[in-house]
Every structure is written in C-alpha cells, then in structure tokens.
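Everything below concerns the one structure shown next.
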Amino acid sequence: MQLKMRLMPYLYTMSRVAHESGVPSTRAMVLEYPDDPVARGNATSGQFMAGDSLLVAPVVADTSVRDGIHLPAGTWTDYWTGKTYAGPGRLDGYQAPLDTLPLFVKGGAVVPMWPQMNHTGEKPVSTLTYDIHPRGRSSFSLYEDDGRTRAHQSGAYARQQVDVSAPAAGSGTVTVNVGAPIGSYTGKPASRGYEFTLHVASAPTALTVDGAAVARLTSKAAYESAATGWFFDPADRSGVLWIKTGSKAGAFSVSATGTSLPPAETLPSSAPVDRSAWTLAHADSQETAAENGAAAGAFDGNPATLWHTAWSGPKPAALPHEIQIDLGARYALDGLGYLPRQDGGVNGRIGGYEVYVSDTTADWGPPVASGTFPDTAAAKTAALSPKTGRYLRLKALTEAGGRGPWTSAAEISLTGRSAPRWTFTP
C-alpha cells in the first residue's frame, strides 16, 4: 500500500492515458506485446502490466515461490533486488513470501514518485522523485491536475516531459532532460524540488546539473540532510545513484558521465511450451467409435486420456502413423516429451519415431529427431535439433514390442522458447 502511494503520480498519469486513448492502466500482456507469441496465449493470464513500465506477477496460490513468469523482449529489473533479466524468457523459482509482490521494471522506465506516505495529502509533495532505469532512449510525459475537481475537463492541468538518453548496455553517459511543466491548475507549484534515482551499476566520474558540477556526498545520511548533491550506493538494489537538484521552476538537465548499466542475466533458453493454444492439425488414424481415443487426448494435459489409432473397424490402419499439432504460435523448439498410455495397456507404445517441425504442414523438411523409444510405460524425452516453427509432426514408424500396427500417446509435450511471428515477403 505504501508503494502504491509512492506510485500515485505514475498511476494518475496512466489513468489520463486511459482517458485519452482508451488503453487501460491495467493491461493484459498481449495488449502491450501483441507480437509476443507467449503473450498471445494463456500462459500470461496470471500477470499483467501496470501502465507501460511495470510488470506485475501476483502470487495467486498457497505458495511462496512463483513459477512461470514470462518476461517479454527487453530488459526487466526486479523492483526489490535490482537484479536485471534479458527477455524474452520464462522465470521460475521466484521467491515471493507474503510481503514480496513479484514486480519488474521495464528497461528505460521513467517512473515519477511521491514521498512515502500512507494517504493522499498526509505529506506535502514539494519534492518529486523520478525513478529511472536507463536503457537506450526513453521518455515519460507526467500529467498533473488539482486532484480534487473536474476542472481538468476545461483544460486545467499540466504536463512535464522527461527524456532520457543512455547506452543500450555497458558504460557511458546518462542524460536526463526535464522539461518545464506546461499548463496550469489550481495549486500548481511555482517551483519544486527534484530527486532522481538512477539504477546504474557504478558511480559516475562526474555529475552535472545544467553543466555545473554537483557535489558528491560521502554517505546516505549526508545525502539525506543535504539540499543538493549526489550519492552512489552499490548495495541498494544492485546499485542506485541518488541525486538532488534542489528547487527548479523551469527546464533543466542532469548528466551522469562515466557510469555503467547493470548487466542483464539471460533467462533459461528453454522452458515448457504452453499447450493451452494447441489444436489438432491432422491425425492419420484415431479410434472414436469404440472408445475416446481421439488424437486431441495426446495433448490435453490429462494423462488419463489418450490418442489411440483406430482398431474397431474390419482392418486396422497399418504403420506408420502420425499426429500433426498446431502450436498456436511459433516456437524455437529443442525437446519433445512422450508419455505412453498410463491405463495399464501396452499396445500402441511408440518404438521407432521421427519428429518434424515446420511453419507449414505442406513442407516438413528433414526430421529434427529420430530414434527408438524403449518398451516401457515411463515418460520419454527426445532432444530436437533446434528449429523454429508453428507445427509439430510426430511420426510413429514402429510399435515398441512389435505387438501390432497400433500407435498411442497419453501426453505429448515440448520445450523451447517463443519466436517472432512468421512473415512472408513476396
């Protein structure tokens, strides 16, 4: 709740964006990242964007560990620890006790904040803090009005543009250009103090405001008691550069020379592929007359259901058999999981197999894996030569144990990572 109060100027601005554009402050991941194939499925239904800069992945089960957090392309910094990740990818094992909301800040974010308070009006907002995660070029347009009346409908409000220039990675100069507030409303301050918290990995060699050097302070206590100055704390969330500029009425700039950005940890290259969007593209044979052996049972997440090739007719179809699955989006795939039937039956276990991946069912190309599964009920895996595509084809060449012309599967799964949408250029 205290964090929510600090974020009031950011959330208020996002509400203004919603008023003007119809884009809500609380956004489904697919709304902010429409080209992300994971965001287009159900895998991100348990997380959302708060505005355009904060990714929230609340814990909704009785657990203190959050799995399955999807971070889209770009860099994302854990709000609480300062650890930075490079997306896209899946984050598992996030430690989230009751007092820790999984919260990630987008690289380049500029987040205005009020002083810590318990309710609006408890403290004066004579100092505005811009919490910045520099990464390339980014900007933010702060919206403010009197917060009490509907005078904003008649144009009684102000905006302040903030532009940030920084390296995309490594070291260099971070420059923050703060524009003068444009517009007017009742209670608008003629001037106010500014504080900046830059999330960087090292202290700058020089720090200036409008080209004039600012004093470096030797401790956080000295910084807190000073009207102007800067202090770098490497232990604060992996590195925070604290800056006070004093009171300002118009436009000004802050420049930190010779600092470095936090390195971004690469997320695991492979994770289970979400099966909620999978659909059956083709099965050469399936038993639906004498039992529910429909092919979709091979990827419905329920090991008690299965795909079984047709057997109730006068003559069973001969091997080989195959199933083709539309994954609903493109993935760079590197592993296949196969769970044989778990109902006590043994016929239909896949022996010899081939696996194909493609963007079209009209041209599969060479197999990305081939081999022979042992004749057991245990789960099997097959490593795939990495390939990107939307469609999977599992071809059963023989039956393990040679008992007949059957094929069956309780569950088929895949590992990999999301890939860009396929486009065609004539």
Side-chain angles (χ1 to χ4, degrees), residues 27-49 55 57 67-76 85-92 104 106-107 264 266-284 295-296 298-301 307 322-338 353-370 381-395 409 411-426:
R27 306 171 185 178
M29 296 300 299
V30 69
L31 183 61
E32 198 72 12
Y33 296 93
D35 293 327
D36 187 316
V38 177
R40 293 201 302 271
N42 292 329
T44 60
S45 61
Q47 60 185 75
F48 60 91
M49 294 294 297
L55 188 156
D67 291 326
I69 301 172
H70 175 68
L71 301 180
T75 59
W76 299 89
Y85 302 91
R90 173 185 169 119
L91 180 61
D92 289 322
F104 300 86
K106 182 179 179 179
T266 302
L267 289 167
S269 59
S270 181
V273 174
D274 178 32
R275 293 186 290 184
S276 61
W278 291 14
T279 57
L280 179 67
H282 170 73
D284 75 296
F299 53 87
D300 62 358
W307 165 46
E322 66 177 63
I323 183 173
Q324 299 175 14
I325 302 172
D326 180 353
L327 308 179
R330 301 183 78 232
Y331 293 90
L333 302 173
D334 57 24
L336 175 137
Y338 165 63
Y353 66 87
E354 290 177 346
V355 182
Y356 300 80
V357 174
S358 179
D359 277 315
T360 170
T361 57
D363 181 13
W364 290 99
V368 295
S370 61
T381 59
L384 309 183
S385 298
K387 187 177 180 182
T388 298
R390 174 169 175 155
Y391 297 92
L392 171 78
R393 179 191 186 195
L394 174 59
K395 187 174 183 179
E411 288 297 315
I412 296 170
S413 59
L414 293 168
T415 58
R417 64 185 305 169
S418 60
R421 184 183 301 179
W422 184 83
T423 57
F424 173 73
T425 301

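Below, all heavy atoms of this structure are taken into account, side chains as well, without hydrogens, waters or symmetry copies.
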Nearest-0.5 Å distance that lies between atom [atom1] in [X] and atom [atom2] in [Y]:
X: E322; Y: L392; atom1: CD; atom2: CG; answer: 10.5 Å
X: H70; Y: W76; atom1: NE2; atom2: CH2; answer: 9.0 Å
X: F104; Y: L91; atom1: CZ; atom2: CG; answer: 5.0 Å
X: L327; Y: Y391; atom1: CG; atom2: OH; answer: 9.0 Å

For the residue pair W278 and F299, categorise the inter-ring angle as parallel (less than 30°), tilted (30 to 60°) or perpendicular (more than 60°).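 Taking F299 first and then W278, their aromatic rings sit tilted (interplane angle of 30° to 60°).
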Which pair of non-hydrogen atoms, one from A383 and one from A369, has the smallest distance, and what is that distance?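 Distance-wise, the nearest heavy atoms are O-CB, 3.5 Å.
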Which atom pair, heavy atoms only, marks the closest approach of V273 to G416?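 Scanning both residues, the minimum pair turns out to be CG2-N, 3.9 Å.
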What residues, two or more places apart in sequence or in another chain, satisfy side chain to side chain donor-acceptor pair (under 3.5 Å) together with D300?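 D300: side chain to side chain donor-acceptor pair (under 3.5 Å) contacts with T305.
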Check side chain to side chain donor-acceptor pair (under 3.5 Å) between Y356 and all other residues, then give those that pass, not counting sequence neighbours.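 Checked Y356 against side chain to side chain donor-acceptor pair (under 3.5 Å); matches are E354.
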Between R275 and I412 (side chain of the first, backbone of the second, donor and acceptor by atom type, cut-off under 3.5 Å), is there such a pair?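 Side chain of R275 to backbone of I412: a pair is present.
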Taking the side chain as every heavy atom from C-beta outward, state whether T44 and V30 have any pair of such atoms under 4.5 Å apart.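 A side-chain contact is absent here, since even the closest heavy-atom pair is not under 4.5 Å.
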Mind checking ring pair (Phe, Tyr, Trp, His ring centres under 6.0 Å) for Y338 and listing every partner two or more places apart, or none if nothing turns up?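 Partners of Y338 by the ring pair (Phe, Tyr, Trp, His ring centres under 6.0 Å) criterion, ordered by chain and then number, come out as F373.
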